[in-house]
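Please read the structure below before turning to the comments.
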Number of protein chains: 2
Amino acid sequence: MNKINIKYLAKELNLAISTVSRALRDSHEISAATKAKVFALAKELNYEPNPNASGLRGQKTKMIAVVIPDMVNDFFSLVISGIEKITQSKGYHILLYFTHGDHELEVSFIKTLANGRVDGVLLSMSSENNNRHHLGELEKKGIPLVMFDRVCDTLQHVVKVTTDNYESAVIATRHLIDAGCKKIAYLQVHKNISVGKIRMKGYLDALQQHSSQASPLVLESANDNEETFQFLQQMLIKEKPDGIFASIEKLAVICYRVCEKIRLKIPEDIKVISFSNLQTASLLNPSLTTITQPAFDIGETAANELFQLINRKDKSVAVERNVVLKSRLIKGRSTARN
Amino acid sequence: MNKINIKYLAKELNLAISTVSRALRDSHEISAATKAKVFALAKELNYEPNPNASGLRGQKTKMIAVVIPDMVNDFFSLVISGIEKITQSKGYHILLYFTHGDHELEVSFIKTLANGRVDGVLLSMSSENNNRHHLGELEKKGIPLVMFDRVCDTLQHVVKVTTDNYESAVIATRHLIDAGCKKIAYLQVHKNISVGKIRMKGYLDALQQHSSQASPLVLESANDNEETFQFLQQMLIKEKPDGIFASIEKLAVICYRVCEKIRLKIPEDIKVISFSNLQTASLLNPSLTTITQPAFDIGETAANELFQLINRKDKSVAVERNVVLKSRLIKGRSTARN
DNA sequence: CGAATTCACGGAAACGTTTCCGTAAATATT
DNA sequence: AATATTTACGGAAACGTTTCCGTGAATTCG
């Protein structure tokens, strides 16, 4: 359990510490012969530079933070896979944080991250979108930030990677209308998630422009799944919608369960469409029509944007940019015409 | 963008660096009055200690690495959630690595990790289980290791967290036998994953002891999903099994697709059971009977075991321990009696 | 051939913490 | 009252790396 560091290599080779360091970094100031000797010994002893020392000296950590609500659905798993593809190719490391939808946790994570622990941050915000003061701390410390999916719509001077939520919601709603739905309900999560707001606007606009439906029908989900189940059941019985547009897949799943319980047949009695990255959507009973976000692409894109920020020369000017990726409508039997 | 570090705090308060450091760590050597002043300023300026400096000095990083094959199924997502619960409560950070089933990548990850980047490693091995020399490097450097799920069965002196794969496989096979299956096929991944081997042994033993089936029927999946689809289709047509035991959920999903294509009715014509953590298993058509591993528990347990190793006093003696958690059989319609 | 330049390397400072050691003043002990 | 101990803090070393600066020797140039 001997400490193998540059000092040890230097002593072993009768060289100065600085020489060994330069040799390892392939500096032109070092002769080929010396480099060869250093490389050989480093390889033999399995030498790896101490990241804390490098980080401390160079103010570079080769690490980025990924801060997401959680991983209960396939979306964020895919995003992370996309991020990992990029970080892996750049020799970077991923630090992973879950906010569990808790804004306070998010603030505390960002605070600890704002001190040289990472070279950059990828963030998908926690539910409560009220306060964004903590993000200024990152900018103040010169740590690049890229937001994705759940972005902060009121925050300027930041790079955001999103999908065409509005257009997709319009398409989804029109898909239900075209399938013959006369009364379409929208299942929404918390009101203060920007993604949810934008999707709902798409639903509302499409309804107004392309349907004769008298008024929109919106159900906001509860914190607890069982509670949501009850609410949805009441709504389906009372309002009798013939189309359901779920803003997230969890709500579609709950909807399937409610329909099974109260003997509503999908798609005969009621049609269901949902934003979803569920890999088994096509195997559900019936197969679920989905609006599927390019989750892996989002991860790749966000990571690439972040590395552009990390590597740029002039860090004084703030960068603002909105990258919007397209979602896809994948038809299943849940919205088949009667 | 001023650097806020201990030196700055010290100058601002007319104190020595050492005094400020001790105050921040709530040392008994510092008077209450001084502590209060230091805390106040630190809070006001949002001071956070530089992790590289702390890590370099104290040889503690407050980080652990999680090395897993990938995140294409819900299992590892849940494991990570379990791990995160523990790290979060201990103020630790998670570094995440995907090996993508590539042994070389695993070796290279472990190598970089063996140099003070992390305080401990949680590992679920990549597919190829042949070489385990790289893990010795961790032990040599005194970095604790806990393996989970895909463990190395030939490696001694290490903590392993697994599930009762053998017993579960016996139960799964017996479940099919009890449901009336006379010819049960086992769908297996790569031969050299210990988990797969153990599960297959359970299948073989259960078959021998409780079934009149002449000989076992095993199909090893190809690397490519479509290829596996073709193989399985051929096998179902040629051998006509009436029961399928899938060792991982991906194979069960492929099996569903094949059955749909060649018009085999589940469970009337053929019954299907699978190891799976699919959250939508009960919503599939038909609902899938699963052996479900306590993935979240595995994460929690592995993380707790790791922290025990990290915090123990005497690091000279190697610890060996096998924690085995129980899986659950969750009945669906895919194995209903005819 | 003397001067300027390049080459190849050594010494030392710096990154921000933590902790060992030292020390005046204050308090306690005999 | 003289000594011992505690209190509260300062100075400096150490963690391992990178890089600035310096310097003899070798090479190039006029």
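Below, read A as the first sequence line, B as the second, and so on, with proteins coming before strands; counting in each chain starts at 1. For the numbers below, each heavy atom of this structure counts, side chains included, while hydrogens, waters and symmetry mates do not.
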Identify each atom pair where a protein N or O and an N or O of nucleotides 24-27 of chain D are less than 3.5 Å apart, giving names and distance.
none

Positional range of nucleotides in DNA chain C within the contact set of chain A, heavy-atom, under 4.0 Å
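Answer, 5' to 3': C:dA8 to C:dG16.
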Between A:Lys7 and A:Ser18, which residue's closest nucleotide on DNA chain D lies nearer the 5′ terminus?
A:Lys7
Residue mapping more 5' on DNA chain D - nearest nucleotide basis, B:Thr19 or A:Leu56
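The residue closer to the strand's 5' end, by nearest nucleotide, is B:Thr19.
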Hey, what do you get for NZ (B:Lys90) to CG (B:Asn311), rounding to the nearest 0.5 Å?
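Going from NZ on B:Lys90 over to CG on B:Asn311, the span is 6.5 Å.
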Remember a base hit wins even if backbone is also touched, and classify [X] as base, sugar-phosphate or nothing at under 4.0 Å, heavy atoms.
X: B:Arg22; value: base
X: A:Ser21; value: base
X: A:Asn115; value: nothing

Taking the inter-plane angle between the rings of B:Tyr97 and B:Phe109 on a 0 to 90° scale, is it parallel (under 30°), tilted (30 to 60°) or perpendicular (over 60°)?
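Aromatic pair B:Tyr97/B:Phe109 classed tilted.
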Counting the benzene-type ring for Trp, do B:Tyr8 and B:Tyr47 have ring centres under 6.0 Å apart?
no
Which residue lies toward the 5' end of DNA chain C, B:Asn50 or B:Glu29, if each is placed at its nearest nucleotide?
B:Asn50
For residues 14-24 of chain B, which side-chain N or O atoms pair as donor and acceptor with protein atoms under 3.5 Å away, sequence neighbours left out?
residue	atom	partner	partner atom	Å
B:Ser18	OG	B:Arg22	NH2	3.4

More than 12 non-hydrogen atoms from neighbouring residues, nucleotides or ligands closer than 6.0 Å to NZ on B:Lys7, yes or no?
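No, not enclosed.
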Is there a side-chain contact between A:Arg312 and A:Gln308 in this structure, where contact means two heavy atoms from C-beta onward sitting under 4.5 Å apart?
no
May I ask you to test the A:Ile94-B:Leu95 pair for a side-chain heavy-atom distance under 4.5 Å?
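They are not in side-chain contact.
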Using whole Å, what does the distance between atom C1' of nucleotide D:dG10 and atom NZ of B:Lys11 come to?
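Checked: the NZ to C1' distance equals 16 Å.
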Polar contact flag, side-chain donor to acceptor under 3.5 angstrom, A:Thr61-A:Asp119:
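Yes.
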